[in-house]
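Some notes on the structure that comes next.
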Amino acid sequence: MAYWLLKSEPDVFGYPDLERVQKEPWNGVRNYQARNHLRSMQEGDLAFFYHSNSNPSGIAGICKIARSAYPDNLQFDPESKYFDPKSTSENPRWSMVDVVPVRALPLLSLETLRSLPELSDMLLLRKGNRLSVMPVTEAEWKAILDHVDSISAPAT
DNA sequence: GCCAACGTTGGC
DNA sequence: GCCAACGTTGGC
């Protein structure tokens with residue numbers, strides 16, 4: 001099983017929205033690197049749900065990949081801003097996965113994440129990173145959840 | 001709203 | 001295949 005991180009702007013679609021709808025097709029990804037990560041996902045993989053362009057930005061929850069990659073419907077919709085006239089149904093250019101909520105987390109801000117030494121090499125925290133879908137290592141995943149445990153149940 | 005850091009496009 | 005111009009992302 002692999003771990004991932006998905007970015008979304010909470011003004012558009014935040015973690016609470018995922019809890020409300022219970023299942024969401026992760027469409028609209030139009031970057032090849034991000035798409036390739038989507039295509040690498042397997043059902044059952046877990047992902048951090050990251051709020052970008054927010055105040056503060058950070059990890060807001062955990063979601064699960066409920067369906068592995070299949071063609072993104074919006075690429076064929078001329079009315080959509082994600083329409084891609086160069087994509088064909090025989091050879092769809094863009095993919096999406098379905099995600100379902102797992103649990104909300106107390107918002108882990110970028111500042112908090114940067115303060116954890118275990119995350120010093122995390123892709124998300126690297127300068128200039130703009131990827132909206134990226135892998136998370138098992139060590140990073142555990143370090144973040146350990147931190148969540150430490151703030152929700154302080155050591156006695 | 002600014003702007004740095006990318007990614008994409010298209011002329012050549 | 002280079003690279004300038006342009007568009008987008010996302011923190012601040």
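Numbered from 1 within each chain, the chains take letters A, B, ... in sequence-line order. Values below: every heavy atom of this structure, side chains too, minus hydrogens, waters and symmetry copies.
Between the CG atom of Leu110(A) and the P atom of dG11(C) there is a distance of 6 Å, given to the nearest Å. Regarding Asn55(A), its CG atom lies at a distance of 15 Å from the C1' atom of dG1(B), rounded to whole Å. At whole-Å resolution of the value, CG in Asn31(A) and C1' in dT9(B) are 15 Å apart. When the C1' atom of dG7(B) is taken as reference, atom CG of Asp84(A) falls 15 Å away, rounded to whole Å. Nucleotide dG10(C) holds its P atom 8 Å from the OH atom of Tyr50(A), rounded to whole Å. The distance between atom OH of Tyr32(A) and atom C1' of dT8(C), rounded to the nearest whole Å, is 15 Å. Gln33(A) places its CD atom 11 Å from the P atom of dC6(B), with the value rounded to the nearest Å. The CG atom of Leu107(A) sits 14 Å away from the C1' atom of dG11(C) (whole-angstrom rounding).
Atom CD of Glu118(A) has more than 12 heavy atoms from other residues, nucleotides or ligands within 6.0 Å.
Looking at His37(A), its side chain never comes within 3.5 Å of a backbone N or O of Ser132(A) through a donor-acceptor pair.
For Trp94(A) and Tyr32(A), the gap between ring centers is short of 6.0 Å.
Heavy-atom minimum distance, Val97(A) versus Leu38(A): CG1-O, 3.7 Å.
Non-hydrogen atoms lying under 4.0 Å from DNA chain B are contributed by Lys127(A), Gly128(A), Arg130(A), all within residues 121-136 of chain A.
With contacts defined as side-chain heavy-atom distances shorter than 4.5 Å, the pair Tyr3(A)/Phe48(A) does not qualify.
Members clustered with Tyr82(A): Leu74(A), by chain and number, using a 4.5 Å side-chain heavy-atom cutoff among hydrophobic residues.
Picking from dT8(B), dG10(B), dG10(C) the nucleotide with the shortest atom distance to the side chain of Lys86(A) gives dG10(B).
OP1 or OP2 of dG11(C) has at least one side-chain nitrogen or oxygen of Ser57(A) nearer than 4.0 Å.
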